[in-house]
Protein chains: 2
Amino acid sequence: MRKKDESKKIKIESAVADIILEEGADAVSTVKVAKRVGISQSNVYLYFKNRDAMLLSVYSREIEKIKDTGNFNQLNNHDISLTERIRGYIKGVYEFSLAHPQSLSLIQQIKYLLGKADETPFPDTDQPTDSTVTALLTEGVKAGVLKPLPINVHMSLVFSVIHTHTLNINKGRYTENQYSFDDFYAFIWGAMAK
Amino acid sequence: MRKKDESKKIKIESAVADIILEEGADAVSTVKVAKRVGISQSNVYLYFKNRDAMLLSVYSREIEKIKDTGNFNQLNNHDISLTERIRGYIKGVYEFSLAHPQSLSLIQQIKYLLGKADETPFPDTDQPTDSTVTALLTEGVKAGVLKPLPINVHMSLVFSVIHTHTLNINKGRYTENQYSFDDFYAFIWGAMAK
DNA sequence: GTTGACAAAGATAGCCCTATCTTTTATGGT
DNA sequence: ACCATAAAAGATAGGGCTATCTTTGTCAAC
């Protein structure tokens, strides 16, 4: 009896992630992945049922990173003020995005490819995190803390502003410490707050 | 001498646009396009040099729509106050987006596919409009009217908020008159203004 | 009506791709 | 050391795609 090399699964996922970031999600193929990892194309199918399963696996991997960040635990802790919790959400996205520069890009691209394109890619629709955030922002609107605009407008604002900033750093347009979280928080909060 | 049917070029462009909106830009192929238009696949090459030329043509078509809107003429008219011009820019994007619901999606997708992925898709990088907007916002930052954050952060805010709103309407989540321009302007301006 | 020119369709070479089926190779258990 | 078993590689069927080259069809001028 021979043991399956579980580290290979991770290598495959890394290759998939690299291809997505370099060429886009639609460019991911078992052929290319196998070539990068240095295995045969058919071998990929021992670790993943099919091409979509590979993509989904990378997607889950990134979602896990978000959950592991732990910044979102306090989101429905009602001992903390609503405003503070919203600030916590924004800070959570901000710090996560800096800590995992490509994560949001990966999630965005995979989600789009798998057809769930219309939702803001952060946090995930299928995961508990997302409904928590939606609930938080809905509460904010109802309480008159946030402007009465659609929740996904609020969410896409947070996402796009922070993601653009992170991409800028990633592309070397400026360094991380050139701007502080408070700069972006003031920007975002200025829009959201009633 | 026989005349080439120029209306066919337009039909092809429409087919390309439809495919992009239904299946994404990478799903566009000469085979699919020909099938939709009802012509042979090779016939497509009489009207377009290659696949990318088709996409680029649709891209230009959408950019033209923006320019024809005419809302951006006053952007560097210094008889108008800086604040008013910025408001004019936002209003221009807003009205254009409502008048041409799929335009921003098309531009975004094609631009991404052709590798210029990092810029905000509105207005275009290669066209005079874009540099005008950049200049306007840069002026706003320098004059202390806008928060001192990267220009593309300001731009991506405007784009993503309005685009999300337009998509919502398009998907039937709510109707156009449920929110006014002023609602969104207040939202956007709250972020941008210093 | 004949013919030249060009549009349109057809056919094809040459890619890349997925998913499965078959063969080879390596290893853990005895 | 052997061998069963599962991993790894190989081979292949079948499909979609691009771009070009060839053939057919049609119109306009003469």
Side-chain angles (χ1 to χ4, degrees), chain A residues 1-60 106 109-117, chain B residues 1-60 106 109-117:
Chain A
M1 160 101 141
R2 212 180 146 193
K3 259 180 66 188
K4 214 197 293 199
D5 182 5
E6 276 307 315
S7 80
K8 199 177 284 180
K9 193 166 185 178
I10 295 169
K11 280 182 194 153
I12 292 173
E13 287 171 350
S14 300
V16 170
D18 289 347
I19 294 171
I20 292 174
L21 294 170
E22 289 169 24
E23 307 175 49
D26 53 281
V28 172
S29 76
T30 56
V31 173
K32 279 185 198 162
V33 168
K35 204 163 284 173
R36 290 211 183 208
V37 177
I39 60 177
S40 73
Q41 181 258 345
S42 57
N43 197 355
V44 171
Y45 284 83
L46 229 57
Y47 295 90
F48 296 96
K49 191 182 162 292
N50 53 32
R51 179 178 168 277
D52 280 5
M54 284 194 308
L55 291 163
L56 210 56
S57 185
V58 173
Y59 183 78
S60 306
L106 288 172
Q109 290 218 31
I110 297 172
K111 204 163 189 174
Y112 180 76
L113 196 77
L114 300 182
K116 334 170 190 172
Chain B
M1 165 94 143
R2 214 179 142 195
K3 259 179 69 187
K4 215 196 297 197
D5 183 7
E6 274 307 315
S7 80
K8 200 177 281 179
K9 194 166 183 177
I10 294 168
K11 281 182 193 152
I12 293 174
E13 287 171 351
S14 299
V16 170
D18 289 347
I19 294 171
I20 292 174
L21 294 170
E22 289 169 24
E23 307 176 49
D26 52 281
V28 172
S29 77
T30 55
V31 173
K32 281 185 197 163
V33 168
K35 204 163 284 173
R36 290 209 182 210
V37 177
I39 59 176
S40 73
Q41 181 257 346
S42 57
N43 198 353
V44 171
Y45 284 84
L46 228 56
Y47 295 89
F48 295 97
K49 192 179 162 293
N50 54 32
R51 179 178 168 277
D52 281 5
M54 284 193 310
L55 291 164
L56 210 57
S57 185
V58 173
Y59 182 78
S60 305
L106 288 172
Q109 291 217 32
I110 297 172
K111 204 163 188 173
Y112 180 77
L113 196 78
L114 300 183
K116 336 171 188 171

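Letters go in sequence order (proteins before strands), and every chain restarts at 1.
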> For B:S29 and D:dG16, is the shortest distance between a side-chain N/O and OP1 or OP2 below 4.0 Å?
Replying inline: no
> Mapping B:Y47 and A:Y45 to their closest nucleotides on DNA chain C, which lands nearer the 5' end?
Replying inline: B:Y47
> Is the shortest heavy-atom distance from the side chain of B:V44 to the side chain of B:V37 under 4.5 Å?
Replying inline: no
>> Which nucleotide wins on minimum distance to the side chain of A:L46, given the candidates D:dA19, D:dA7, C:dT18?
In response: D:dA7
>> Just the rounded figure in Å: distance from C1' of C:dA7 to NZ of B:K9.
In response: 15 Å
> Do A:S57 side-chain atoms and A:A53 backbone N/O form a donor-acceptor pair below 3.5 Å?
Replying inline: no
> Residues from residues 19-27 of chain A sitting under 4.0 Å of DNA chain C, heavy atoms only?
Replying inline: none
>> By nearest atom, which of the nucleotides C:dA19, C:dA8, D:dA19 is closest to the B:N50 side chain?
In response: D:dA19
>> Between A:E13 and A:F48, is there a side-chain heavy-atom distance shorter than 4.5 Å?
In response: yes
> Should B:K8 be listed as having a side-chain N or O under 4.0 Å from OP1 or OP2 of C:dA7?
Replying inline: no
> Considering only heavy atoms from C-beta outward, does the side chain of A:T30 approach that of A:M54 to under 4.5 Å?
Replying inline: yes
>> Just to be sure I understand the geometry, which residues of residues 33-43 of chain A put a non-hydrogen atom under 4.0 Å away from DNA chain C?
In response: A:Q41, A:S42
> Heavy-atom distance under 4.5 Å between the side chains of B:L55 and B:V58, does that happen here?
Replying inline: no
>> Using a 6.0 Å distance limit plus a 45 degree cone around the ring axis, check whether B:K111 lies over the aromatic ring of B:Y59.
In response: no
>> Within the 4.5 Å heavy-atom criterion, are A:L46 and A:K8 side-chain neighbours or not?
In response: no
> Is the closest side-chain donor-acceptor distance between B:Q109 and A:Y112 under 3.5 Å?
Replying inline: yes
> Which whole-number value in Å describes the distance from B:R51 CZ to C:dC16 C1'?
Replying inline: 13 Å
>> Heavy atoms only, 4.0 Å cut-off, all strands: where does B:K32 land among base, sugar-phosphate and nothing?
In response: sugar-phosphate
> So, do A:I39 and A:I12 sit near enough that their side-chain heavy atoms are less than 4.5 Å apart?
Replying inline: yes
